[in-house]
J.: 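Quick one: the structure is below, and I'll ask about it shortly.
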Amino acid sequence: MAIFYALTVPEFVAELGLPGRDVFDLEWRLSAGEGALIAARTGVSEVALQAMTFQEITPDARIMIARKTRHHCPSCPADVHRKAASFPWMFQCPIHSIDFRDVGGAILPDILGSAHLAALQSHAKTGAAVLDSWARGEGQGAFGPVEMLLFLTTRHRRASPPNVSEQPRMSLGARRDYHAFLTTPIIRQALTVVVPEYDKVAPVLTKPVRLGSHSLAQGSLLQTFALTAGIGRIDEDPVGHAVAVLLVSDAEGQERLQDVLKTWPLSLRRRISARFWRAQRDERERLIAEKTARRCQSHKPRSAQSHQYRYRIS
């Protein structure tokens, strides 16, 4: 609105009769008096002004709301900042139904590929619905996006250099030149297990995300989409995905994950513990069976000599 009147934001706020007020505080919530004052000065209805604010967003979700447009729609004017573009779980412009672009101009189909995007689309939709409902104060409980994000961003294994699948093809000389990169320890988080599609396409050095709610607040377009899809998958099957991460974790990682799972409801923790114990038992039995089969095979008598000799020649 300030641009429309050819004013800076502080000048515009002063003209509204609110000198010294922080515009971000006004965008977050308008009091009845402030709304009436701005409506009288601009001619915009108070209802429309309140719709421009984030008054319906709970204080716990405020950290996830960007103060400016996160990602841009190529069809929207550069000076228009829509509310939807401030939410990290929005990936399309609600006006033009066009995919948002990151700072480099790339869109999710280009970054993920059509196959990975199709596999994650429904889970991301579920995760976005969970996040949007929670941010508006609906469905509040002991198990929500905050607990899921903490689990997804927890280290499940010790930091390690890029493995062979993560390394680009290099000549021996290039490997010597990029020795520092090939030996850089990378943080291993549960997100890469719950969303393996992200693990396959994310650049190795930018694969780790920030902890907890900061991961959505400050993540890139690819990271926020992967986190949203991870929340959707955990919401659909919390026990299965928790057990899958525990099974591939090292001892230290399992301890960290168990500490995080203490924030989950007791009923879920009991089901996770029971299924994790059964999975470990089945794995032990499988290893014992393979070992026994190899031992029996090594003692099995041969049905024929390994060498054939001519008659009467030893």
J.: OG1/Thr154 to CD1/Ile187 distance, rounded to the nearest 0.5 angstrom?
T.: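 The OG1 atom of Thr154 sits 11.5 Å away from the CD1 atom of Ile187.
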J.: Minimum heavy-atom separation for Arg210 and Thr153, please, with both atom names.
T.: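 Closest heavy-atom pair between Arg210 and Thr153: O-CG2, 3.2 Å.
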J.: Please answer whether the main-chain N or O of Ile288 pairs with a side-chain N or O of Thr292 as donor and acceptor at a distance below 3.5 Å.
T.: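 Yes.
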J.: Count the heavy atoms belonging to other residues, nucleotides or ligands that lie under 6.0 Å from NE2 of His214, then report whether that count exceeds 12.
T.: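 Counting other residues, nucleotides and ligands, NE2 of His214 stays at 12 neighbours or fewer.
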J.: Counting heavy atoms not belonging to Arg82, are there more than 12 under 6.0 Å from its CZ?
T.: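 It does: Arg82 CZ has more than 12 such atoms within range.
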J.: Thinking salt bridges, do Glu197 and Lys200 make one under a 4.0 Å N-O criterion?
T.: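 Here Glu197 does not pair with Lys200 in a salt bridge, since their nearest N and O are not under 4.0 Å apart.
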J.: Using a 4.5 Å cut-off on heavy atoms from C-beta on, say whether the side chain of Val146 contacts that of Asp60.
T.: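 In short, these two side chains do not touch, never coming nearer than 4.5 Å.
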J.: For the residue pair Gly253 and Ser249, what are the closest heavy atoms and their distance?
T.: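 The answer is C-CB, 4.3 Å.
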J.: What closest approach, in Å, do Ile231 and Gly127 show between heavy atoms, and which atom pair accounts for it?
T.: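 Here Ile231 and Gly127 meet closest at CG2-CA, 4.1 Å.
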J.: Looking at Asp132 and Arg136, is there a salt bridge between them, counting it only when a charged N and a carboxylate O are closer than 4.0 Å?
T.: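 So Arg136 pairs with Asp132 through a salt bridge.
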J.: Take Val44 and Ile38 through the test side-chain contact (heavy atoms from CB on, under 4.5 Å) and record every step on the way to the result.
T.: CA-CA 8 Å; Val44 180; Ile38 297 175; over 6 Å; no
J.: Strictly distance-based, threshold 3.5 Å: is any side-chain N or O of Ser273 a donor or acceptor partner for the main-chain N or O of Arg270?
T.: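 Between the backbone of Arg270 and the side chain of Ser273 there is no qualifying donor-acceptor contact (under 3.5 Å).
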J.: Is Thr206 close to Ser220 at the side-chain level, that is, under 4.5 Å between some pair of heavy atoms?
T.: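 Side-chain contact under 4.5 Å: no.
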J.: Kindly indicate whether the side chain of Ser213, heavy atoms from C-beta on, has any atom under 4.5 Å from the side chain of Met64.
T.: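 When only atoms from C-beta onward are counted, Met64 and Ser213 do touch, with a gap below 4.5 Å.
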J.: Any donor and acceptor pair, going by atom type alone, linking the side chain of Arg233 with main-chain N or O of His123 inside 3.5 Å?
T.: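 Side chain of Arg233 to backbone of His123, a donor-acceptor pair under 3.5 Å: no, none is there.
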J.: Do Leu37 and Leu16 have side chains that approach each other closer than 4.5 Å (heavy atoms only, starting at C-beta)?
T.: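 When only atoms from C-beta onward are counted, Leu16 and Leu37 do not touch, as no gap falls below 4.5 Å.
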J.: Looking only at heavy atoms, which two atoms of Ala242 and Phe151 are closest? And how far apart?
T.: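 In terms of heavy atoms, the two residues are closest at CA-CZ, 3.8 Å.
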J.: When you look at Asp99 and Leu108, which way does the side-chain contact (heavy atoms from CB on, under 4.5 Å) test go after all the steps?
T.: CA-CA 7 Å; Asp99 291 328; Leu108 284 172; 5.7 Å; no
J.: For residues Phe24 and Val9: do they belong to one hydrophobic cluster (side chain heavy atoms under 4.5 Å, members Ile, Leu, Val, Met, Phe, Trp, Tyr)?
T.: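 Cluster IDs for Phe24 and Val9 match.
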J.: Can you find a heavy atom in the side chain of Phe87 that is under 4.5 Å from one in the side chain of Phe54?
T.: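 Yes; the side chains approach each other to less than 4.5 Å.
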J.: Please check if Ile107 and Leu222 belong to a single hydrophobic cluster, counting links between Ile, Leu, Val, Met, Phe, Trp and Tyr side chain heavy atoms closer than 4.5 Å.
T.: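 No, Ile107 and Leu222 fall in different hydrophobic clusters.
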J.: I'd like to know whether CZ of Arg21 has more than 12 heavy-atom contacts from other residues, nucleotides or ligands below 6.0 angstrom.
T.: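 More than 12 within 6.0 Å, yes.
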J.: Heavy-atom count check: over 12 atoms from other residues, nucleotides or ligands less than 6.0 Å from Leu7 CG?
T.: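 Yes - once you tally the heavy atoms of other residues, nucleotides and ligands closer than 6.0 Å, there are more than 12.
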J.: When you compare the side chain of Leu18 with that of Arg41, does any pair of heavy atoms fall below 4.5 Å?
T.: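 Not touching, per the 4.5 Å side-chain cut-off.
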J.: Are any of the side-chain heavy atoms of Cys93 and Cys76 separated by less than 4.5 Å?
T.: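 Side chain of Cys93 against side chain of Cys76, heavy atoms only: contact under 4.5 Å found.
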J.: Under 6.0 Å from the CD atom of Glu15, do we count more than 12 heavy atoms belonging to anything else shown?
T.: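 12 or below, so no.
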J.: Hey, mind stepping through Arg271 and Asp237 against salt bridge (Lys or Arg N to Asp or Glu O under 4.0 Å) and telling me if it holds?
T.: CA-CA 12 Å; Arg271 291 165 56 194; Asp237 184 14; 5.8 Å; no
J.: Let me confirm one number: the CG-CD distance from Leu112 to Gln121, rounded to the nearest 0.5 Å.
T.: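 Reported to 0.5 Å precision, the distance equals 9.5 Å.
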J.: Under the side-chain contact (heavy atoms from CB on, under 4.5 Å) rule, what do Val195 and Phe225 come out as? Steps first, then yes or no, please.
T.: CA-CA 10 Å; Val195 189; Phe225 183 78; over 6 Å; no
J.: To the nearest 0.5 Å, what is the distance between NE2 (His71) and OG1 (Thr224)?
T.: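 Reported to 0.5 Å precision, the distance equals 4.5 Å.
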J.: So, are Glu252 and Arg158 salt-bridged, with charged N and O less than 4.0 Å apart?
T.: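 Yes, charged N to carboxylate O under 4.0 Å.
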J.: Assess Lys207 against Tyr198: is NZ or CZ under 6.0 Å from the centre of the six-membered ring, and within 45 degrees of the ring's axis?
T.: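 No, Lys207 does not lie over the aromatic ring of Tyr198.
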J.: Assess whether a salt bridge exists between Asp259 and Arg256, defined as any Lys/Arg side-chain N lying under 4.0 Å from an Asp/Glu carboxylate O.
T.: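 No, no charged N to carboxylate O under 4.0 Å.
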J.: Say whether, by atom type as modelled, one donor and one acceptor occur between the side chain of Gln280 and the main chain of Trp277 under 3.5 angstrom.
T.: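 Side chain of Gln280 to backbone of Trp277, a donor-acceptor pair under 3.5 Å: no, none is there.
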J.: Let's go through Trp28 and Thr53 carefully: what are the C-alpha distance in whole Å and the side-chain angles of both, what is the deciding distance for side-chain contact (heavy atoms from CB on, under 4.5 Å) to 0.1 Å, and is it a yes or a no?
T.: CA-CA 5 Å; Trp28 184 248; Thr53 69; over 6 Å; no
J.: Enter the distance from Gln254:CD to Arg157:CZ here, rounded to the nearest 0.5 Å.
T.: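 Gln254 CD to Arg157 CZ: 9.5 Å, rounded to 0.5 Å.
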J.: How many angstroms lie between atom NE2 of His241 and atom CD1 of Ile272, to the nearest 0.5 angstrom?
T.: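 Output value for this atom pair is 11.5 Å.
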J.: Rounded to the nearest 0.5 Å, what separates atom CZ in Phe100 from atom CZ in Phe91?
T.: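 One gets 10.0 Å once the value is rounded to the nearest 0.5 Å.
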J.: So which atom in Leu152 and which in Gln189 form the shortest heavy-atom distance, rounded to 0.1 Å?
T.: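 Answer, listing the atom of Leu152 first, then Gln189: O-CB, 3.8 Å.
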J.: Side chains of Leu30 and Met52: closer than 4.5 Å at any heavy-atom pair?
T.: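 No, every pair of side-chain atoms sits at 4.5 Å or beyond.
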J.: Might you confirm whether atom NZ of Lys125 has over 12 heavy atoms from other residues, nucleotides or ligands at distances under 6.0 Å?
T.: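 No, NZ of Lys125 has 12 or fewer neighbouring heavy atoms, counting only those of other groups under 6.0 Å.
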